[in-house]
Amino acid sequence: MKPLFTIHAGEYLTGCFLEQQFKNCRVWLPSKDTGIDLLVTDSKCSRSVSLQVKFSKDFMPTHMSDFYKNKLKVCTWFQFTEEAISGSAADYWVLVMQSHAFAKAQFLVIPPSILLSRVAAYHGAKKKYDLYFWISSSDRCWETRRLVEQDRKKITESVGLPERDFTKFLDDWRSIKKIDG
């Protein structure tokens, strides 16, 4: 068994959020790393959803020009291998995005197979993916890695590039609502 205090910030933020928002659910931590970071069950433990949680700090203060400061809430960077995504045992991956400027964390909740198919469609098949998820001031979520500046600026206006629009997965907790009763 691993030491007790190995939960990372993203897991903590996700667990706290779930316990606050879904009063009939229970959040469980595994005793070893199996690719499932959190297990969420109904109060009777008869239905469950497994989550793999990833966290990124906000790169807005250190890496973004002034043009973006009022147009975006958070800019993140995640690095995943194709093997980790395709071999995931989790029902959903939760990408936790915590802004420096906003107190409320935001969560991209997406099945790993959909995440992989979407990013492979425009980045191509790779062994490793570097992904930049941005959330605009209008609460739209975009993956922006390798976009030219002109397309990045369009995203701040919530236009263009539908294949990179991940907004429908932003704070999409329907899977948890189903077991919350």
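All of these numbers come straight from a predicted model, not from anything done at the bench.
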Can a donor-acceptor pair be found, under 3.5 Å and without considering hydrogens, that links the side chain of [X] to the backbone of [Y]?
X	Y	answer
Asp37	Val53	yes
Glu143	Arg145	yes
Ser50	Asp91	yes

Is there a path of hydrophobic side-chain contacts, each under 4.5 Å between heavy atoms, that joins [X] and [Y]?
X	Y	value
Ile110	Leu18	no
Phe17	Ile176	yes
Tyr129	Met97	yes
Leu51	Leu39	no
Phe59	Tyr132	yes

[X] versus [Y], closest heavy-atom pair with distance:
X	Y	answer
Ser86	Leu116	CB-CD2, 3.7 Å
Gly35	Ala90	O-CB, 4.1 Å
Ala84	Trp93	O-CZ2, 3.5 Å
Asp58	Ser99	OD2-CA, 3.4 Å
Leu147	Arg152	O-NE, 3.5 Å
Leu13	Ala105	CD1-CB, 4.5 Å

Exercise. Charged N to carboxylate O under 4.0 angstrom, Asp130 versus Arg146?
Worked result: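 Judged by the 4.0 Å cut-off on N to carboxylate O distance, Asp130 and Arg146 do not form a salt bridge.
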
Working to the nearest 0.5 Å, report the span between [atom1] of [X] and [atom2] of [Y].
X	Y	atom1	atom2	value
Glu11	Leu29	CD	CG	7.0 Å
Asp180	Arg174	CG	CZ	15.5 Å
Glu163	Leu161	CD	CG	5.0 Å
Ile114	Ile85	CD1	CD1	12.5 Å
Phe78	Leu115	CZ	CG	10.0 Å
Leu38	Gln52	CG	CD	9.0 Å

Looking at side-chain heavy atoms only, is the closest gap between [X] and [Y] below 4.5 Å?
X	Y	answer
Asp171	Lys104	yes
Leu131	His123	yes
Lys154	Asp151	yes
Arg26	Ser43	yes
Gln79	Lys128	yes
Leu95	Phe80	yes
Arg118	Phe169	yes
Asp139	Gln106	yes

Report the relative orientation of the aromatic rings in [X] and [Y]; use parallel for angles under 30°, tilted for 30 to 60°, perpendicular for over 60°.
X	Y	answer
Tyr68	Trp134	perpendicular
His8	Phe55	tilted
Trp173	Phe107	perpendicular

Problem set entry | Short side-chain donor-acceptor distance under 3.5 Å, Thr167 and Arg140 |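 Per modelled atom types, Arg140 and Thr167 side chains form a pair under 3.5 Å.
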
Exercise. Do Ser136 and Trp142 get their side chains close enough for a donor-acceptor pair, meaning under 3.5 Å?
Worked result: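 Absent: no donor and acceptor within the cut-off.
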
Tell me whether the count of non-hydrogen atoms from other residues, nucleotides or ligands lying under 6.0 Å of [atom1] in [X] goes above 12.
X	atom1	answer
Lys69	NZ	yes
Tyr122	OH	yes
Glu83	CD	no
Gln150	CD	no

For this session: Step by step, work out the side-chain contact (heavy atoms from CB on, under 4.5 Å) result for Leu72 and Ile135.
Result: CA-CA 6 Å; Leu72 300 173; Ile135 300 177; over 6 Å; no

Exercise. In a check of side chain to side chain contact (heavy atoms under 4.5 Å, CB included) between Phe133 and each of Thr76, Leu170, Thr144, which one passes?
Worked result: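 Exactly one candidate clears the test, Thr76.
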
Problem set entry | Test log, rule side-chain contact (heavy atoms from CB on, under 4.5 Å), inputs Ile179 and Cys25 | CA-CA 7 Å; Ile179 64 172; Cys25 286; 3.9 Å; yes

Exercise. Do Lys153 and Ile155 pass the side-chain contact (heavy atoms from CB on, under 4.5 Å) test, and can you show the C-alpha distance, the side-chain angles, and the key distance before you say yes or no?
Worked result: CA-CA 5 Å; Lys153 288 183 176 181; Ile155 283 173; over 6 Å; no

